[in-house]
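Beneath this line is the structure, given in structure tokens, with notes to follow.
Numbering starts at 1 and runs along the sequence shown. Atoms within a ligand are numbered from 1 in the order they appear, just like the ligands themselves.
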Amino acid sequence: MSPLLRVESLGKSYGARLGCAEVSFDLWPGEVLGIVGESGSGKSTLLGCLAGHLAADSGRILYRGRDTRAMSEPERRMLARTEWAFVHQNPRDGLRMGVSAGGNVGERLMAVGARNYGQIRAAATDWLGRVEIAATRIDDRPRQFSGGMQQRLQIARNLVTGPRLVFMDEPTGGLDVSVQARLLDLLRGLVRDMGLSVVIVTHDLAVARLLADRLMVMKDGHVIEQGLTDQVLDDPQAAYTQLLVSSVLQV
Ligand SMILES: Nc1ncnc2c1ncn2[C@@H]1O[C@H](COP(=O)(O)OP(=O)(O)OP(=O)(O)O)[C@@H](O)[C@H]1O
């Protein structure tokens, strides 16, 4: 078996300011990798580079053996539509707010070639059910939904095409604690059932504990510790991780 994603010495700066540097890791099929660290540590920069939203300055990103930095823009866009998915912190960034819930899910299927209206609608209804949205809401616009429902709809839109690799940026970030818990539960079930590989950015160590198999701890753009989630959280090696885990740091 070879890694789904191999990252070698990835770096990105914004002028004189460091975004991230010398980031290397492997992500295996079915694995959930959590990226944690305080605000400004480079988590979003790294995720943006991996997903191709930002151009890295150096290093290699090998997806199933192919260097995504060397791909043409259309090739990368095709990957983003078919094999990858990206769940934003703010559902507004990942949904089309003027399109119905069913349309939001269905248009992703159309983007990968589905044409039969009945089948698209059936798949959309099925996916709304899987993310606990009643079928009676299929024609409602996302802005008629609560924040938690919008986030679940964004997840349905992303997963309906059966991606292999899902990037998530603080997916439970803007939600109430009780809504977060339910969403986390749902996400965990979907990740397990679909055997998804996930790279998830979070500053919430409870989210990391629940979802991630492995963790990467970032500080000032660098990875300062990585390992199995339980190991990193229960027996942190780096002094910074110890502070992070003991909640001394505001993350
Ligand atoms: N568009 C940008 N222009 C200039 N500097 C940036 C830009 N985006 C990020 N940075 C800088 O890069 C560094 C890493 O920021 P990044 O947003 O990746 O961190 P983060 O860990 O995701 O933080 P947060 O949790 O607050 O989103 C910071 O010093 C930040 O100021």
Side-chain angles (χ1 to χ4, degrees), residues 5 7-25 27 32-61 68-69 73 76 80 84-95 147 150-151 154-155 158 165-177 179-180 183-184 187 198-212 214-227 229 232-233 236-251:
L5 192 67
V7 176
E8 297 173 350
S9 300
L10 195 72
K12 158 106 188 139
S13 293
Y14 303 93
R17 182 174 294 138
L18 182 67
C20 64
E22 292 298 319
V23 177
S24 300
F25 66 89
L27 179 77
V32 180
L33 174 68
I35 304 174
V36 299
E38 66 189 327
S39 181
S41 56
K43 307 182 297 294
S44 305
T45 300
L46 173 58
L47 195 71
C49 290
L50 297 178
H53 299 169
L54 292 173
D57 302 328
S58 55
R60 296 207 303 167
I61 305 169
T68 63
R69 292 189 62 216
E73 196 45 43
R76 247 204 314 264
W84 294 359
F86 196 105
V87 177
H88 296 266
Q89 170 170 2
N90 187 341
R92 284 169 183 275
D93 296 330
L95 289 173
Q150 287 181 5
Q151 196 56 303
Q154 189 194 182
I155 289 163
N158 269 282
L165 173 58
V166 186
F167 301 104
M168 299 186 190
D169 188 4
E170 303 271 10
T172 58
L175 303 168
D176 289 351
V177 174
V179 178
Q180 276 188 16
L183 187 74
L184 264 179
L187 267 180
V198 178
V199 180
I200 177 170
V201 161
T202 179
H203 69 274
D204 186 336
L205 297 183
V207 171
R209 167 91 75 183
L210 259 171
L211 282 182
R214 266 191 317 125
L215 284 188
M216 232 163 54
V217 182
M218 294 190 72
K219 180 180 192 295
D220 300 332
H222 290 87
V223 176
I224 55 157
E225 182 159 357
Q226 54 178 316
T229 300
V232 171
L233 295 182
Q237 300 300 302
Y240 173 78
T241 315
Q242 291 167 4
L243 287 176
L244 200 67
V245 169
S246 65
S247 301
V248 174
L249 289 177
Q250 197 67 42
V251 290

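Heavy atoms from both the backbone and the side chain of Lys43 come within less than 4.0 Å of ligand 1. Heavy atoms of Val201 found under 4.0 angstrom from ligand 1: none, in either backbone or side chain. Under 4.0 Å from ligand 1, the heavy atoms of Glu38 that appear belong solely to its backbone.
For the residue pair Glu22 / His222, no side-chain donor-acceptor distance below 3.5 Å is found, with atom types taken as modelled. Residues Glu38 and Tyr240 bring a donor and an acceptor atom of their side chains to less than 3.5 Å of each other.
For His203, the closest heavy-atom approach to ligand 1 does not fall below 4.0 Å.
For atom 26 (O) of ligand 1, the closest non-hydrogen atom on the protein side is Ser39 OG, 2.6 Å. Scanning all protein heavy atoms for the shortest distance to atom 19 (O) of ligand 1 gives Gly42 N, 3.1 Å. Distance from atom 29 (O) of ligand 1 to its nearest protein heavy atom, with residue and atom name: Arg17 CD, 3.3 Å. Shortest contact from atom 6 (C) of ligand 1 to any protein heavy atom: Tyr14 CD1, 3.3 Å.
Near Ser41, meaning under 4.0 Å from one of its heavy atoms, ligand 1 places the atoms 19 (O), 20 (P), 21 (O). The ligand atoms of ligand 1 that sit less than 4.0 angstrom from a heavy atom of Thr45 are 14 (C), 15 (O), 16 (P), 18 (O). In the vicinity of Leu18, heavy-atom distances shorter than 4.0 Å reach the ligand 1 atoms 12 (O), 13 (C).
In this structure, His53 and Phe86 have tilted ring planes: the angle between them lies in the 30° to 60° band.
With Met218 as the partner, the side chain to side chain contact (heavy atoms under 4.5 Å, CB included) test is satisfied by one option alone out of Val36, Thr45, Leu46, Ile224: Leu46.
Checked by atom type and distance alone, the side chain of Thr172 never pairs as donor or acceptor with a backbone atom of Gln180 at under 3.5 Å. Listed for the Gln89 side chain is no donor-acceptor partner under 3.5 Å among the backbone atoms of Asp169. Using a distance-only test at 3.5 Å, with no hydrogens or angles considered, no donor-acceptor pair links the side chain of Asn158 to the main chain of Ala85.
Of all heavy-atom pairs between Ser58 and Arg69, the closest is C-NH1, 3.3 Å. Nearest heavy-atom pair, Pro91 versus Gly147, reported as atom, atom and distance to 0.1 Å: CG-O, 4.3 Å.
Considering backbone and side-chain N/O atoms, Gly40 comes within less than 3.5 Å of an N/O atom of ligand 1.
Nearest-residue assignment for atom 27 (O) of ligand 1 (options Cys20, Ser44, Cys49, Gly37; heavy-atom criterion): Ser44.
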